[in-house]
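See below for the structure under consideration.
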Amino acid sequence: MMTPEPKRERRDPQADEPRLVAVVDDDASVRQSTCRLIRSFGYRAEAFGSGEEFLSSPSAAETACLVLDVRMPGMDGLKVQRLLAERDARIPIVFLTGRASDDEERRARSAGAVEFLRKPVGKATVLQVLERVFHVSQRGRGPGDDD
């Protein structure tokens with residue numbers, strides 16, 4: 001019988017613990033399942049029910065990637081993205097949404113979103129996007145830069 005391979009933690013090369021991926025979504029079940037999926041890849045994950053909650057959290061300063069819903073009551077994901085840019089916070093943002101217009105996608109991407117995923121999204125797609133985000137951030141380059 002084969003023993004399962006131990007879960008590999010996705011550590012920040014500058015830190016002593018796995019990278020933090022923050023998940024901001026107003027739907028509790030989406031937050032929980034997305035965090036569980038991210039943890040299964042070896043990253044740390046922390047859930048927030050609103051943009052305001054994330055932005056006021058001490059975790060915002062250590063977030064290595066933000067998985068963000070577009071449409072939420074109160075502050076929407078595009079406003080969170082805009083406020084982070086105004087604060088010069090260079091957190092890679094992956095939008096993960098069930099409902100969004102083409103205009104919202106265009107605005108998110110033009111403001112620097114790494115990816116814009118529409119639900120349902122497969123596990124392999126989420127892993128590929130996170131690996132791309134962290135590969136790019138390790139090299140200090142933007143997501144659209146060529147080799």
Side-chain angles (χ1 to χ4, degrees), residues 6-145:
K7 181 169 61 172
R8 185 172 43 142
E9 291 187 336
R10 311 294 177 136
R11 294 188 182 274
D12 181 336
Q14 307 302 319
D16 219 11
E17 55 189 25
R19 290 182 171 105
L20 175 61
V21 179
V23 177
V24 180
D25 198 300
D26 60 309
D27 184 321
S29 65
V30 170
R31 285 193 309 269
Q32 183 180 30
S33 63
T34 303
C35 283
R36 190 172 31 250
L37 176 63
I38 290 167
R39 288 182 190 118
S40 77
F41 301 144
Y43 299 106
R44 287 186 302 143
E46 190 169 338
F48 300 91
S50 70
E52 296 91 345
E53 183 184 350
F54 170 73
L55 291 170
S56 66
S57 165
S59 297
E62 66 174 295
T63 296
C65 180
L66 178 59
V67 176
L68 184 59
D69 191 11
V70 174
R71 294 186 181 176
M72 297 180 287
M75 185 183 300
D76 70 18
L78 295 171
K79 183 162 185 177
V80 172
Q81 182 185 35
R82 190 169 48 255
L83 289 172
L84 287 170
E86 289 172 7
R87 295 177 182 184
D88 201 28
R90 299 173 190 255
I91 302 170
I93 297 175
V94 175
F95 280 94
L96 178 61
T97 187
R99 304 175 318 263
S101 68
D102 290 341
D103 181 59
E104 288 167 321
E105 179 175 359
R106 182 192 54 73
R107 289 176 24 218
R109 287 184 184 277
S110 68
V114 173
E115 190 59 77
F116 196 97
L117 303 173
R118 295 178 192 266
K119 299 171 195 167
V121 177
K123 180 178 178 176
T125 299
V126 175
L127 178 58
Q128 287 171 350
V129 168
L130 290 176
E131 287 181 340
R132 183 168 46 109
V133 163
F134 293 125
H135 177 70
V136 169
S137 66
Q138 280 180 340
R139 292 178 18 211
R141 301 178 53 182
D145 293 346

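Count residues from 1 along the sequence. Since we're looking at a predicted model, the values are computed, not measured.
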Begin with the C-alpha distance, continue with both residues' side-chain angles, and end with the deciding distance and a verdict on salt bridge (Lys or Arg N to Asp or Glu O under 4.0 Å) for Asp103 and Arg106. CA-CA 5 Å; Asp103 181 59; Arg106 182 192 54 73; 2.5 Å; yes
Evaluate the side-chain contact (heavy atoms from CB on, under 4.5 Å) criterion for residues Phe116 and Val70: first the C-alpha distance (whole Å), next the side-chain angles of each, then the deciding distance (0.1 Å), finally the verdict. CA-CA 10 Å; Phe116 196 97; Val70 174; 3.7 Å; yes
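Not a single donor-acceptor pair under 3.5 Å links the side chain of Glu131 to the backbone N or O of Gln128. Under a 3.5 Å cut-off, the side chain of Arg39 and the backbone N or O of Arg44 do not form any donor-acceptor pair. In this structure, Ser57 contributes its side chain and Glu53 its backbone to no donor-acceptor pair below 3.5 Å. Judged purely by atom type and a 3.5 angstrom limit, Thr34 has no side-chain atom pairing as donor or acceptor with the backbone of Arg31. Between the side chain of Thr97 and the backbone N or O of Arg99 there is at least one donor-acceptor pair closer than 3.5 Å.
Taking the side chain as every heavy atom from C-beta outward, Tyr43 and Leu130 approach each other to under 4.5 Å. Between Val80 and Val24 there is no side-chain heavy-atom pair separated by less than 4.5 Å. Within the 4.5 Å cutoff, the side chain of Leu20 has heavy atoms near those of the Ser59 side chain. Within the 4.5 Å cutoff, side-chain heavy atoms of Lys119 are placed close to those of Val30. By the 4.5 Å heavy-atom criterion applied to side chains, Leu117 and Val129 are counted as neighbours. Inter-residue side-chain proximity for Asp26 and Asp69 is flagged as met; some heavy-atom pair is nearer than 4.5 Å. No side-chain heavy atom of Lys79 sits less than 4.5 Å from a side-chain heavy atom of Glu52. Side-chain contact between Ile93 and Leu84 is present, with heavy atoms from C-beta onward closer than 4.5 Å.
Between the CG atom of Leu78 and the CG atom of Leu68 there is a distance of 8.0 Å, given to the nearest 0.5 Å. The structure places CG of Asp25 at 7.0 Å from CG of Leu96, a figure rounded to the nearest 0.5 Å. One finds the CD1 atom of Ile38 at 7.5 Å from the SG atom of Cys65 (value rounded to the nearest 0.5 Å). Taken from CE in Met72 to OG in Ser50, the straight-line distance is 7.0 Å, to the nearest 0.5 Å. Rounding to the nearest 0.5 angstrom, the gap separating the CG atom in Leu66 from the CZ atom in Phe54 is 4.5 Å.
A salt bridge between Arg118 and Asp102 is present, with a side-chain N of the basic residue lying under 4.0 Å from a carboxylate O of the acidic one.
Pro18 and Gly42 make their closest contact through CB-O, 3.4 Å (heavy atoms, listed as atom of the first residue, atom of the second, distance). Of all heavy-atom pairs spanning Val114 and Pro92, the tightest one is CG2-CB, 3.7 Å.
The one candidate from Glu115, Gln81, Glu105 that meets the side-chain contact (heavy atoms from CB on, under 4.5 Å) condition with Phe95 is Gln81.
Counted by atom type alone, Ser29 and Asp27 present one or more donor-acceptor pairs between their side chains at under 3.5 Å.
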